[in-house]
Amino acid sequence: NGTFVNGCRIETTVRLQFDDLLQIADIPLRVRRHGAEVRQQTMAEDVYGQAIALVQFDKLMSERQVTPFYQPVIDINSREVLGYEGLGRSRLVGITTPAAMFRAAASLNLEIQLSRMLRWEGIKGGDAFPDEPHLFVNTHPAELDDPGLKKSLQAIRAANPTRQLTLEIHEGAVTNEGMMVELRAVLNDLDITMAYDDFGSGRARLSELVKVRPEYLKFDISLIHNIHIANEQHQQLVASLVKMVTELGIIPLAEGVECEEESETCQQLGFQLGQGYHYGRPAPAPNVSELDEA
């Protein structure tokens, strides 16, 4: 079945380095230095688990073994489904979730390649819907400094000339104004809208909202969770942010809505869109219609 070093099949002699991942058929091995200190068994098991994940990651990328899942984005007032966010899943042991996939990708410096593959497969999987729904697709922060992002988006638009698309960017990655201005211009040319994701989870910089305005602002779950029982100051803060965003012509979206009480409070605070388990859990495209009735 071949021999791989760090996910690459070897054809000639390769000198192994410390911490390299060696795969012989289905057996993963991690290159370590022998020392006098005896490692604890739990650490050895963690290393083995990481090695398995990296072997599986090679299979994920080479065979594109990702299953696109979709979570509905709804109009909070009418409860109408306005679109879906594409989310990647796999059935490979150790890397079933995006977080696990990106941990493995980080070990091999392949976060950009993984992000592009997940985005492409998510849009491609959208063809299973009976119509062409609005799709929200994600980026990895590392992509924003990579010139290949523009080409990736151009290829997506060429293959999907009529689909409504929104590119989500983590708010913590929006730090380079010049880069964001360029990306905004690219998206305008391709008729792709933009969303800032996880707003309020970290270094939320309101200045970017004015300088490079997205069409959508997704408020992080940390601001939304249990908002119906939050103190008055918290609710006033969120309401003020929603009001400011709306006045800027940006559509506020509440992420992580998990119950009707949270949904009703978000509606009262001025949110226009919502997303979360209360409206529908992520599911493959053929099953999404079942969630709409939930």
Side-chain angles (χ1 to χ4, degrees), residues 1-34 39-71 84-128 135-143 146 148-149 152 155-156 168 170 173 197-198 281-288:
N1 293 326
T3 300
F4 297 79
V5 175
N6 298 326
C8 297
R9 183 187 293 271
I10 62 174
E11 305 292 345
T12 60
T13 301
V14 175
R15 183 180 296 276
L16 297 178
Q17 305 291 331
F18 175 71
D19 213 31
D20 278 349
L21 174 67
L22 175 65
Q23 177 192 350
I24 302 174
D26 293 328
I27 302 174
L29 303 167
R30 178 75 75 174
V31 179
R32 297 292 189 189
R33 292 192 181 94
H34 177 72
R39 296 176 180 266
Q40 295 181 355
Q41 182 64 26
T42 53
M43 184 175 293
E45 290 175 356
D46 288 343
V47 170
Y48 182 76
Q50 294 170 9
I52 288 292
L54 292 179
V55 171
Q56 296 284 61
F57 180 77
D58 176 70
K59 187 175 184 179
L60 175 80
M61 295 298 291
S62 62
E63 300 180 12
R64 305 180 78 86
Q65 290 203 19
V66 60
T67 301
F69 274 46
Y70 302 90
Q71 186 173 34
Y84 298 91
E85 179 180 357
L87 303 165
R89 299 289 189 271
S90 86
R91 296 182 179 179
L92 299 175
V93 176
I95 53 170
T96 57
T97 65
M101 294 180 203
F102 277 104
R103 281 196 298 271
S107 300
L108 302 171
N109 294 320
L110 293 175
E111 298 101 315
I112 292 176
Q113 290 84 341
L114 173 61
S115 182
R116 289 178 186 166
M117 191 264 281
L118 291 176
R119 187 165 56 244
W120 182 269
E121 292 298 319
I123 295 173
K124 178 181 175 183
D127 293 339
L135 293 182
F136 290 72
V137 293
N138 291 282
T139 58
H140 187 275
E143 287 190 275
D146 186 82
L149 177 58
S152 172
I156 285 174
E168 295 193 15
H170 191 279
D197 193 16
D198 297 329
R281 292 176 178 266
N287 299 326
V288 172

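For reference, positions follow the sequence shown, starting with 1.
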**OP:** Working to the nearest 0.5 Å, report the span between OG1 of Thr97 and CG of Leu87.
**Re:** 11.0 Å
Determine whether [X] and [Y] make a side-chain contact, defined as any pair of heavy atoms from C-beta on separated by less than 4.5 Å.
| X | Y | value |
| --- | --- | --- |
| Gln56 | Ser90 | no |
| Phe136 | Asp197 | no |
| Arg103 | Met101 | no |
| Gln113 | Met61 | yes |
| Glu168 | Val137 | no |

Original post:
Passes side-chain contact (heavy atoms from CB on, under 4.5 Å), Arg91 versus Thr96? Steps please.
Top reply: CA-CA 5 Å; Arg91 296 182 179 179; Thr96 57; 5.9 Å; no
Identify the heavy atoms of [X] and [Y] that sit nearest to each other, and give their distance.
| X | Y | result |
| --- | --- | --- |
| Phe57 | Leu110 | CE2-CD1, 3.7 Å |
| Ile156 | Ile123 | CG2-CD1, 3.4 Å |
| Ala100 | Gly94 | CB-O, 3.4 Å |
| Gly125 | Pro68 | CA-CG, 4.4 Å |

Original post:
Distance-only, no hydrogens or angles: does the Tyr70 side chain make a donor-acceptor pair with backbone N or O of Gly126 under 3.5 Å?
Top reply: yes
Subject >> From CA spacing to verdict: side-chain contact (heavy atoms from CB on, under 4.5 Å), Arg89, Val66 >> reply: CA-CA 6 Å; Arg89 299 289 189 271; Val66 60; 5.9 Å; no
**OP:** Could I get the full list of side chain to side chain donor-acceptor pair (under 3.5 Å) partners for Asp127, not counting sequence neighbours?
**Re:** Arg163
**OP:** Before giving the answer on side-chain contact (heavy atoms from CB on, under 4.5 Å), spell out for Gln65 and Lys59 the whole-Å C-alpha distance, their side-chain angles and the decisive distance to 0.1 Å.
**Re:** CA-CA 7 Å; Gln65 290 203 19; Lys59 187 175 184 179; 3.3 Å; yes
List the atom pairs, donor and acceptor, that lie under 3.5 Å between side-chain atoms in residues 114-122 and the rest of the protein, sequence neighbours left out.
residue : atom : partner : partner atom : Å
Ser115  : OG   : His140  : N            : 3.2
Ser115  : OG   : Glu143  : OE1          : 2.5
Arg116  : NH2  : Asp146  : OD2          : 2.3
Arg119  : NH1  : Asn138  : O            : 2.9
Arg119  : NH1  : Glu143  : OE1          : 2.9
Arg119  : NH1  : Glu143  : OE2          : 3.4
Arg119  : NH2  : Glu143  : OE2          : 2.7
Arg119  : NH2  : Ser152  : OG           : 3.2
Glu121  : OE2  : Arg64   : NE           : 2.8
Glu121  : OE2  : Arg64   : NH2          : 3.1

